[in-house]
> 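Take a look at the following structure, please.
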Amino acid sequence: MIVPHATDTPAPVRTVRAVRAVRKAVVPAAGLGTRFLPATKATPKEMLPVVDKPAIQYVVEEAAAAGLDDVLMVTGRHKRAIEDHFDHAFELEQTLAAKGDAVRLDAVRDPARLANIHHIRQGEPLGLGHAVLCARRHVGDQPFAVLLGDDLIDPRESLLSTMLDVRDRYAGSLVALMEVPREQIHLYGCAAVEPTEDKGVVRVTGLVEKPSPEAAPSAYAVIGRYVLDPAVFDVLDRTPPGRGGEIQLTDALQDLAAGGTVHGVVFDGLRYDTGDKADYLRTVVRLACDRDDLGPEFIGWLKEFVAGLDGREGSGRDRPAA
Ligand code: UTP
């Protein structure tokens, strides 16, 4: 069941252009997050803080900045925290208001004001393809964006807006692609591609989920941004469980790619997989360094800490920087 949340009038988005065909975003966030256990035993990985906001808030901010004012979260077990985060917190708001703490009050209110946010439960984590299929009734017969809830694109990049522009020129579905070292391709869906007349846009001729380096048709990895044609729902409906026993979005897109209706937008900017422990740490450090309020002091500490490591591989915990 879709549970619409009473939200304020959505805050004005930053970069809305002409009215686009794509209005809705779907954010799958129902995975088990096993790579991040035990932190994700009772907390969704999408709620892990990246500096002072949960990862999924960056994702919703990205959707809103691209003009998508209707966001459907696909949540699962222990995902109450996601629903609460994008709702009002009346007691907290009243307390902050009584103290006159306008900055923190805004920080508490912002998530609910980003967009019209809806939630649906994926009863069982049967795979990303199944999570997308859960969005069918809400999305209807329109193209829609999918943003993975633990996959962050640096806020200075404009990948999603670019994809929406490309979707205006190419019918069908779009995936975001990033070139990765061959030895890492087994972590991703991988695309076989052909060039188009558009720089940065390729035709996807095939897709394979997590191939070995030898079997990979290219070094192009599918990352967590998609603009999908509603035709994907019929395909997902008949897609059997694939790799890992899960209904794979990649398998459904492979079906569509065989019909020539999938293109790729090549991205070479900053992207962070916060569901991966090492990448999560890099994300926090990088975004903290970029913050005006934290960066200068934190960078000073970081330089000292790194210098103190003396080229050692260890944690340096026995000799912490001041
Ligand atoms: P991942 O494969 O990264 O998620 O899915 P996971 O299964 O939670 O991660 P690990 O490997 O066990 O650590 C990519 C995205 O798809 C969502 C996840 O929440 C994540 O945002 N997802 C995955 C679902 O919503 N439902 C699923 O059944 C599977």
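Start at 1 with the first residue, then count along the sequence. All ligand and atom numbering here is 1-based and tracks the order in the structure.
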> Does any non-hydrogen side-chain atom of P230 lie less than 4.5 Å from one of Q142?
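Q142 does not reach P230 side chain to side chain.
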> Under 4.0 Å from a heavy atom of P125: give me the atoms of ligand 1 that qualify, with their elements.
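Per the distance check, 28 (O).
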> Name all residues meeting the side chain to side chain contact (heavy atoms under 4.5 Å, CB included) criterion together with D251; count only those two or more places apart in sequence or in a different chain, and write none if there are none.
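Only T239, Q248 meet the side chain to side chain contact (heavy atoms under 4.5 Å, CB included) criterion with D251.
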> Could you check atom 21 (O) of ligand 1 against the protein and tell me its nearest heavy-atom contact, residue, atom and distance included?
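Checking every protein heavy atom, the shortest distance to atom 21 (O) of ligand 1 gives P28 O, 3.0 Å.
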> Which residue holds the protein heavy atom closest to atom 8 (O) of ligand 1, what is that atom called, and what is the gap in Å?
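Looking at atom 8 (O) of ligand 1, the protein heavy atom closest to it is G33 N, 2.7 Å.
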> Counting each atom of ligand 1 from 1 as listed, which ones have a heavy atom of Q122 under 4.0 Å away?
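The list of qualifying atoms is 24 (C), 25 (O), 26 (N), 27 (C), 28 (O).
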> Considering only heavy atoms of L126, which atoms of ligand 1 have at least one such atom less than 4.0 Å away?
28 (O)
> Give the intermediate values and the outcome of salt bridge (charged side-chain N to carboxylate O under 4.0 Å, His left out) for residues E83 and R121.
CA-CA 11 Å; E83 298 176 4; R121 291 252 172 180; 3.7 Å; yes
> Looking at side-chain heavy atoms only, is the closest gap between D150 and M47 below 4.5 Å?
no
> Check whether the side chains of E246 and H130 place a donor and an acceptor atom closer than 3.5 Å, and report yes or no.
no
> Check this for me - ligand 1, A30, N or O atoms closer than 3.5 angstrom, yes or no?
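Checking ligand 1 against A30, an N or O pair does fall under 3.5 Å apart.
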> Give me the residue, atom name and distance of the protein heavy atom closest to atom 23 (C) of ligand 1.
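The answer is G31 CA, 3.8 Å.
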> Is there a side-chain contact between P28 and V146, using heavy atoms and a 4.5 Å cut-off?
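They are in side-chain contact.
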> For G275, is the nearest heavy atom under 4.0 Å from an atom of ligand 1?
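G275: no contact with ligand 1 (<4.0 Å).
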> Looking just at side-chain N and O atoms, do H138 and D70 make a donor-acceptor pair shorter than 3.5 Å?
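Indeed, the side chains of H138 and D70 share at least one donor-acceptor pair under 3.5 Å.
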> Within the 4.5 Å heavy-atom criterion, are V166 and D198 side-chain neighbours or not?
no
> Non-hydrogen atoms of E246 versus ligand 1: any pair closer than 4.0 Å?
no
> Who's the nearest protein heavy-atom neighbour of atom 16 (O) of ligand 1, and how far?
L128 CD1, 3.6 Å
> Just wondering, do E179 and V266 contact through their side chains at under 4.5 Å, heavy atoms?
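No - every pair of side-chain heavy atoms lies 4.5 Å or more apart.
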> Does any N/O atom on L32 come nearer than 3.5 Å to any N/O atom on ligand 1?
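Yes, L32 has an N/O under 3.5 Å of an N/O on ligand 1.
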> For atom 28 (O) of ligand 1, which protein heavy atom lies nearest, and how many Å away is it?
G127 N, 2.7 Å
> Among all the protein's non-hydrogen atoms, which is closest to atom 5 (O) of ligand 1, and how far away is it?
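For atom 5 (O) of ligand 1, the nearest protein heavy atom is K45 NZ, 4.5 Å.
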> Look up atom 13 (O) of ligand 1 and tell me if a protein heavy atom lies less than 4.0 Å from it?
yes
> For F144 and F233: C-alpha separation, side-chain torsions, deciding distance, then whether ring pair (Phe, Tyr, Trp, His ring centres under 6.0 Å) applies.
CA-CA 11 Å; F144 62 105; F233 292 128; 5.1 Å; yes
> At less than 4.0 angstrom from any non-hydrogen atom of E46, what atoms of ligand 1 do you find?
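Those qualifying, in numeric order: 18 (C), 19 (O), 20 (C), 21 (O).
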> Who gets closest to atom 20 (C) of ligand 1 by heavy atom: D150, V132, T40, I56?
D150
> State, yes or no, whether a side-chain contact exists between V175 and L253 at a heavy-atom distance under 4.5 Å.
yes
> Kindly confirm or rule out an N or O of V74 lying under 3.5 angstrom from an N or O of ligand 1.
no
> Counting each atom of ligand 1 from 1 as listed, which ones have a heavy atom of G149 under 4.0 Å away?
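Going through ligand 1 atom by atom, the ones under 4.0 Å from G149 are 21 (O).
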> Output yes when the distance from some N or O of ligand 1 to some N or O of A131 is under 3.5 Å, and no in every other case.
no
> Would you say the side-chain atoms of T274 pair up with the backbone N or O of Y280, donor to acceptor, closer than 3.5 Å?
no
> If we only consider heavy atoms of H130, is any one of them less than 4.0 Å away from an atom in ligand 1?
no
> Taking the six-membered ring of Y188 as reference, does the cationic atom of K210 (NZ for Lys, CZ for Arg) lie under 6.0 Å from its centre and within 45° of its axis?
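No, K210 does not lie over the aromatic ring of Y188.
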> Evaluate R35 for polar contact with ligand 1, using N/O atom pairs at a separation under 3.5 Å.
yes
